[in-house]
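One structure is given here, and the rest of the page talks about it.
Naming: A, B, ... by sequence-line order, numbering from 1 per chain.
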Number of protein chains: 2
Amino acid sequence: MTRISDVAKHAGVSVATVSRVLVGQGSVSEATRERVLASVKALDYHPDLAARRLRSGKTDTLGLIVSDIRNPYFTEVSRAIEDVAYARGMRVLLCNADEDPAKERFYLDMMRDENVAGVILSPTLSLLNQYRAEDFSFPLVLVDRCDAKTEADAVVLDNIDAAQRLTRHLLERNCRRIAFFYGAASATGSQRLAGYQAALAEAGLSAITQPVKPTTDDARQALSTYLERHRQTPDAVVASSGLILLGLVEGLRQHGLRYPQDVIVAGFDDMPWTRIVTPDITVMAQPTADIGRTAIELLLARIAQPGQAMRRIVMRGELIVRGSSAA
Amino acid sequence: MTRISDVAKHAGVSVATVSRVLVGQGSVSEATRERVLASVKALDYHPDLAARRLRSGKTDTLGLIVSDIRNPYFTEVSRAIEDVAYARGMRVLLCNADEDPAKERFYLDMMRDENVAGVILSPTLSLLNQYRAEDFSFPLVLVDRCDAKTEADAVVLDNIDAAQRLTRHLLERNCRRIAFFYGAASATGSQRLAGYQAALAEAGLSAITQPVKPTTDDARQALSTYLERHRQTPDAVVASSGLILLGLVEGLRQHGLRYPQDVIVAGFDDMPWTRIVTPDITVMAQPTADIGRTAIELLLARIAQPGQAMRRIVMRGELIVRGSSAA
DNA sequence: CTGTTAGCGCGTTCAC
DNA sequence: GTGAACGCGCTAACAG
């Protein structure tokens, strides 16, 4: 492996000069600068990042901990984050906590040990409930999940409003018995539940709610169980996430129920498949690319200005009406 | 930040002893061992990974470079890899090259600079074509893409066989004009093309092939263009990947073509949505979890035994016949 | 503008 | 079984 001293020798300068050229700080004459750069190229020298990090205490690595890598919502957000990072020459350490607080803790510890510049995290409910800013030695931005009382930088959807508007849309379609399947393990699920309940309360209707694990399989199961236990099928079934929505649609098919004729369907996240099923599906779309981009920019701002006030950035969902809730 | 010297002072021993306890090498009396461990816990000490890496030259970080993070195939594979890594206490640095050779190079360089223990990569065609084992300073395992002449550890599907079996299935359904839409940018696409062609040759039929970018949007476009240019619709359309398959189904819907009545549809990758569309879709499924698990195990074996012979592990696809190719 | 020097925090010889 | 001392490769402070 070629080290900085090799470059220095080759260029006929000291290691300090080479370092200055590489880091771009301090002043170096144009002539020696070019000589150094030539030597770097000639020897194919690459600084050891571990050494650099140890010495300078700085990193250009960001951490990203998502709660489910298989959820297209998170891959879209990740991609947006990585695009920005790549454009700035930064690295992203992407980890999948899998909705498991232990795994989340493991990766959070790892981020600290790696001395990353900052972390973007979609927290488990467990972490959110006992969140204290002092527990984190690095700048942290929350995405997707955050409640009003949490004192942290965050980028989230206006979940209550979004769920409320989605539910109102179904009420306008004359649905009275609207069953809401939501992920009970996340703050997002409960907030969307609250929005749903608010809309029903406005209409003076009673809620039908079913907590599920935020997976397609569990949602399908839950719907099956529900349908088998109740003689009367609901007017509409609503999912608090794209993965759950997929489970509901699978479940309806299994039970031979057609939509929108037998039951209306709607949910969150404008996933590709919602457009190609027949009929296509009404969804509350999230601006995933915006969310990712905003999150990393918020993080970089926090890194640059550690003292600035906490900001919670709330995005508005977009209702996309399709065949599954056709009049 | 608490350092190893703090722990040493707290436990009343030297830094060397603390290090020995932590690394688990050299001999330490049980009594002092426990005392050190108690101090570590009391001070909440965590070794600085950068320093450790610099000194020891070793890492327990693995790199994973996928070519498209939004492709469910890769997220499934990633998850399997990360599960194994997590179980062994290792980290995974996951990056998204986005089918871009420049980005791929950037991340590969980064892996080298980070001194990762090894890398799992789904290479671009560009990299594969000029692949030389000597170019990589770290153990490397290829996934999803690799041709027979590449001298590298790899885990891939038997693409030729898989495409051939899928095509034969369509021939058995009496399809004669079978259009094959394939990702031209990857080795995988061309191999599947070869399998398709082989099956057609067996039957004495001529091929209809359409290279596309491996994205849903491009596939939809390509199908539209094809349909508009040719009066006669093909008997069947086949996609060389799940993303392309989605584009074909979208395109058929746009053009008001029903399947399997107007045209039969099939493709690769058993994605969740292929089960819920009506009719559901015949696919060649890949054992994604197995592929991921095998890849990381192959990498770990290579790290442990740098001298062992290169291995290419070829997996068999599973044909899942569904409604889109119903008789 | 440039070179010399001192650590960053840790693992690892070598003595004891 | 344990401690002292060195150096991994690099950056930053200080001289010149």
If you restrict it to nitrogen or oxygen atoms, what contacts under 3.5 Å exist between nucleotides 8-11 of chain D and the protein, and what is each distance?
unit_1	atom_1	unit_2	atom_2	d
D:dC10	OP1	A:Tyr45	OH	2.3
D:dC10	OP1	A:Asp48	N	3.2
D:dC10	OP2	A:Ile4	N	2.4
D:dC10	OP2	A:Tyr45	OH	3.4
D:dT11	OP1	A:Arg52	NE	2.5
D:dT11	OP1	A:Arg52	NH2	3.0
D:dT11	OP2	A:Ser19	OG	3.0
D:dT11	O2	A:Arg55	NE	3.2
D:dT11	O2	A:Arg55	NH1	2.9

Check your understanding: Does OP1 or OP2 of C:dG11 have a side-chain N or O of B:Gln25 closer than 4.0 Å?
Key -> no

Atom-pair distance ([atom1] on [X]; [atom2] on [N]), nearest Å:
X	N	atom1	atom2	answer
A:Arg112	C:dG9	CZ	P	15 Å
B:Glu34	D:dT2	CD	P	12 Å
A:Asp113	C:dC10	CG	C1'	14 Å
B:Glu30	D:dT2	CD	C1'	16 Å
B:Arg35	D:dT2	CZ	P	8 Å
A:Arg53	C:dG9	CZ	C1'	14 Å

Exercise for review: State whether B:Arg105 and B:Asp109 are salt-bridged, where the test is any N-O pair (Lys NZ or Arg NE/NH1/NH2 against Asp/Glu carboxylate O) under 4.0 Å.
Suggested key: yes

Check your understanding: Is the shortest distance from a Lys or Arg side-chain nitrogen in B:Glu99 or B:Arg145 to a carboxylate oxygen in the other one below 4.0 Å?
Key -> yes

Point to revise | A:Arg33, CZ atom: more than 12 neighbouring heavy atoms under 6.0 Å | key: no

Point to revise | Heavy atoms of other groups near B:Gln308 CD, more than 12 under 6.0 Å | key: yes

Check your understanding: How many angstroms lie between CZ in B:Phe74 and OG in B:Ser122, if you round to the nearest 0.5 Å?
Key -> 3.5 Å

Exercise for review: Could you tell me whether A:Thr17 contacts a base, only the sugar-phosphate backbone, or nothing, with contacts defined as non-hydrogen atoms closer than 4.0 Å?
Suggested key: sugar-phosphate

Exercise for review: Looking at every strand, decide which applies to A:Ser29 at a 4.0 Å heavy-atom threshold: base, sugar-phosphate, or nothing.
Suggested key: sugar-phosphate

Check your understanding: Any chance the side chains of B:Thr75 and B:Ser78 put a donor and an acceptor closer than 3.5 Å?
Key -> no

